[in-house]
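Have a look at the structure below, then the notes.
As a basis for the values below, the full set of heavy atoms in this structure was taken, side chains included, without hydrogen atoms, waters or symmetry mates.
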Amino acid sequence: MAIREDVIVIGGGLAGSMAALEAADGDASVRLITHKKSTLRHASGLIDVLGYLDEEEPVADPFAAISELPDDHPYSIAGAAAVRDGLARFDEAVGDTYQGDHTDSNALLPTFGGAIKPTARYPDAAAAGLASDSRDMLVVGFEELTEYNAGMLADHLDAADVPFDVDGVELNFPGEYANDSRVTRFAKRLDANEDVDHDGRTMGARQALAASVEPHLGDAERVGFPAFLGDDHAADVRADLERELGVDVFEIPMGPPSFPGMRLADRLKAAVDDAGIHISAGNPVIDYEADGDEIEAVIVDSKGREVPHHAEEFILATGGLVGKGIDSDRDGTVKEPVFDCHIPHSDDRYDWFDEEAFGNQPFAHFGVRIDEGMRPLDADGSPEFSNLRAAGGVVGGTDPVAEKSQSGISLTTAAVAGQRARERAAKREVSQ
């Protein structure tokens, strides 16, 4: 049976999900094609719009700073209004599970390394940890986690001249575990509130965890934990800990696997389902069919069968180098593997890297260049295809890691790509 939609989105991460939601905001039929699991499971779950213009001072108001960006920056091409549109679509999708929509200013949140990170949206589970909050803080770590040290985190926060006293304590997580246990095991134990032995008694894991922390509270009015306080029942876990301890409890984003990132991925999938968007999961797009400058279909490898998926409009949201939406080889070639869109780069691999490890790395800018309709441009600056748009990490032209802007770029480009695809698909239907 032929598969035909008004809009097809390729890629199921933050940009792909948001582009699909934007495209489906009307009568357009939309299909989201995903291959592998979203890289959100490795992400912090924070939504950064613009954290830095340089390496020194964090940006207080990202919207005020957009005017200082170069003309070829994705924000400059899309416009500040599109940044707001992308955030508004995100706010609608995640509901009250995120905070930050009350202000244009960045919030400042601690990370597991003790840095203070500027971000525009943050999970409700992290809200009590704001660095602008003057309440004293206790940071809890666990001996079983080798990559997270509460004492070091507290020292780094103190050195950052935060407006509160902060202490760190390392404990043993309730129950018996091998050293360097996976955080998924801790989260599951809290989710199910499994019985554990603690202080000569058998009790639920949440109560045991609170009992371990309580002697170290001191004057702290809030307690920060590594971000694994449950998965399916995270809100219940946090509420129980707050009730037992009598203080606010918050999560501190940490490295992968990231429960805030996985929760966000689950929330976006639910929003996509609720919007009636068709999802084709687990199969890659391997080719396309075109008539001149117009794509007619993408070819999906479905267990060895090549299945064409037809549409009026297509959105490429396959990610950057990490997500394999951009690939490279030792011959000095950087390519976008689905449509072979132009990626500006030097043919000499030595030009891809700066000698300074934290310098302005050319490879960080790799990606397709776009016009104001988010259409990828060829080497001459003309659209590769009239009905192909790009969103998210596949879009280049800046270093989103250094800027702390990747999520914002994903939301912004997705909002414009989805809107333009929806509008153009509707016009084509009327003309036919």
Item to check | Sidechain-backbone polar pair: Arg41 side chain, Pro256 backbone, donor-acceptor under 3.5 Å | outcome: no

Item to check | Side-chain donor/acceptor of Glu251 to backbone N/O of Leu229, under 3.5 Å | outcome: yes

Checklist entry - Just checking, Arg84 and Phe63: is the charged tip under 6.0 Å from the six-membered ring centre and within 45° of the axis? => result yes

Checklist entry - About how many Å separate OG of Ser386 and CD1 of Ile295, when rounded to the nearest 0.5 Å? => result 8.0 Å

Checklist entry - Is any NZ, NE, NH1 or NH2 atom of the basic residue among Asp91 and Arg121 found under 4.0 Å from an Asp or Glu carboxylate oxygen of the other? => result yes

Checklist outcome for this item: When every non-hydrogen atom of Val307 is compared with those of Ser302, the smallest separation belongs to CG2-CB, 3.9 Å

Item to check | Taking every non-hydrogen atom, the tightest pair across Gly393 and Ser410 | outcome: N-OG, 4.3 Å

Checklist entry - Does a side-chain N-to-carboxylate-O contact under 4.0 Å join Lys335 and Asp329? => result no

Checklist entry - Any idea which heavy atoms bring Gly51 and Asn106 closest together, and the distance? => result CA-ND2, 4.3 Å

Checklist entry - With a 4.5 Å heavy-atom cut-off, do Lys404 and Thr119 have their side chains touching? => result no

Item to check | Verdict with reasoning, Arg238 to Phe250, per side-chain contact (heavy atoms from CB on, under 4.5 Å) | outcome: CA-CA 8 Å; Arg238 202 169 73 256; Phe250 65 95; 5.6 Å; no

Checklist entry - Once the angle between the rings of Phe142 and Phe173 is folded into 0 to 90°, is it parallel (under 30°), tilted (30 to 60°) or perpendicular (over 60°)? => result perpendicular

Checklist entry - Just wondering, do Arg89 and Leu411 contact through their side chains at under 4.5 Å, heavy atoms? => result no

Checklist entry - Is a side-chain donor or acceptor of Ser212 paired with a backbone partner of Ala208 at a separation under 3.5 angstrom? => result yes

Next on the checklist: Side chains of Pro257 and Met262, heavy atoms from C-beta outward: is any pair under 4.5 Å?
Outcome noted: yes

Checklist entry - Which distance, rounded to the nearest 0.5 Å, do you find between the CG of Asp104 and the CG of Leu87? => result 9.0 Å

Checklist entry - Side chains of Ser105 and Asp61: donor-acceptor distance under 3.5 Å anywhere? => result no

Next on the checklist: Glu313 vs Lys427, test: salt bridge (charged side-chain N to carboxylate O under 4.0 Å, His left out). Steps then yes/no.
Outcome noted: CA-CA 11 Å; Glu313 289 279 314; Lys427 287 180 180 179; over 6 Å; no

Item to check | Side-chain donor-acceptor contact under 3.5 Å, Arg267 with Thr97 | outcome: no

Checklist entry - Okay, side chain of Asp371, backbone of Ser382: is any donor-acceptor separation there less than 3.5 Å? => result no

Next on the checklist: With heavy-atom distances below 4.5 Å as the criterion, would you say the side chains of Thr111 and Pro253 are in contact?
Outcome noted: no

Item to check | Leu14/Leu268 under side-chain contact (heavy atoms from CB on, under 4.5 Å): CA gap, chis, key distance, verdict | outcome: CA-CA 8 Å; Leu14 178 62; Leu268 293 179; 3.8 Å; yes

Checklist entry - Within the distance-only criterion (no hydrogens, no angle test), does the side chain of Asp6 pair as donor or acceptor with the backbone N or O of Ala425 below 3.5 angstrom? => result no

Checklist outcome for this item: In this structure, CZ of Phe314 is separated from NE2 of His309 (nearest 0.5 Å) by 10.0 Å

Next on the checklist: With heavy-atom distances below 4.5 Å as the criterion, would you say the side chains of Val49 and Ser407 are in contact?
Outcome noted: no

Next on the checklist: Ignoring hydrogens and geometry beyond distance, is a side-chain donor-acceptor pair present between Asp124 and Gln99 at under 3.5 Å?
Outcome noted: yes

Checklist outcome for this item: With Val94 as partner, the option from Leu264, Ile47, Asp101 fulfilling side chain to side chain contact (heavy atoms under 4.5 Å, CB included) is Leu264

Checklist entry - With side chains defined as the heavy atoms from C-beta onward, is the minimum distance between Val237 and Arg206 less than 4.5 Å? => result yes

Checklist outcome for this item: d(Leu316 CG, Met374 CE) to nearest 0.5 Å is 13.5 Å

Checklist outcome for this item: By side chain to side chain donor-acceptor pair (under 3.5 Å), Asp85 pairs with (sequence neighbours left out) none

Item to check | Audit row: His35, Asn283, side-chain contact (heavy atoms from CB on, under 4.5 Å) steps and yes/no | outcome: CA-CA 5 Å; His35 179 204; Asn283 301 309; 5.8 Å; no

Item to check | Glu403-His73 side chain donor-acceptor pair, cut-off 3.5 Å | outcome: yes

Checklist outcome for this item: Nearest heavy-atom approach of Ala65 to Leu50 is CB-CD2, 3.8 Å

Checklist entry - Does the side-chain contact (heavy atoms from CB on, under 4.5 Å) test come out yes or no for Arg424 and Asn387, once each step is laid out? => result CA-CA 8 Å; Arg424 190 168 186 269; Asn387 61 337; 3.4 Å; yes

Checklist entry - Can you tell me how far NE2 of His310 sits from CZ of Arg31, rounded to the nearest 0.5 angstrom? => result 12.0 Å

Next on the checklist: Does Asp71 have more than 12 heavy atoms from other residues, nucleotides or ligands lying within 6.0 Å of its CG?
Outcome noted: no

Next on the checklist: Between Glu384 and Arg375, does any side-chain N to carboxylate O distance fall below 4.0 Å?
Outcome noted: no

Item to check | Test item: Glu92 side-chain N/O and Gly95 main-chain N/O as donor-acceptor pair under 3.5 Å | outcome: no

Checklist entry - When rounded to the nearest 0.5 angstrom, what distance separates CD in Glu22 from CD1 in Ile315? => result 9.0 Å

Checklist entry - Pairs in or reaching into residues 365-414: which pass ring pair (Phe, Tyr, Trp, His ring centres under 6.0 Å), with residues at least two apart or in two chains? => result Tyr288-Phe385, Trp352-Phe366

Next on the checklist: Could you report the tightest heavy-atom contact between Ala28 and Ala23, atom names first, then the distance?
Outcome noted: CB-O, 3.5 Å

Next on the checklist: If you count heavy atoms of other groups shown closer than 6.0 angstrom to CG of Asp96, is the number above 12?
Outcome noted: no

Next on the checklist: Name the residue from Asp191, Asp240, Leu190, Asn193 that meets the side chain to side chain contact (heavy atoms under 4.5 Å, CB included) definition with His233.
Outcome noted: Asp191

Checklist entry - Under the 3.5 angstrom rule, does the side chain of Glu170 hit a backbone N or O of Ala150 as a donor-acceptor pair? => result yes

Checklist entry - For Gly392, does its backbone N or O pair with a side-chain atom of Thr413 as donor and acceptor, under 3.5 Å? => result yes

Next on the checklist: If we ignore hydrogens and angles and just use 3.5 Å, is the side chain of His156 paired with the main-chain N or O of Ala115 as donor and acceptor?
Outcome noted: no

Item to check | Pro118 to Pro58 - nearest heavy-atom pair and separation | outcome: CG-CB, 3.9 Å

Checklist entry - Hey, are the side chains of Leu377 and Val368 touching, using non-hydrogen atoms and a 4.5 Å cut-off? => result no

Checklist entry - Looking at side-chain heavy atoms only, is the closest gap between Thr398 and Tyr75 below 4.5 Å? => result no

Item to check | Under 3.5 Å side-chain donor-acceptor pair for His278 and Glu5 | outcome: yes

Item to check | Heavy atoms of other groups near Glu294 CD, more than 12 under 6.0 Å | outcome: yes

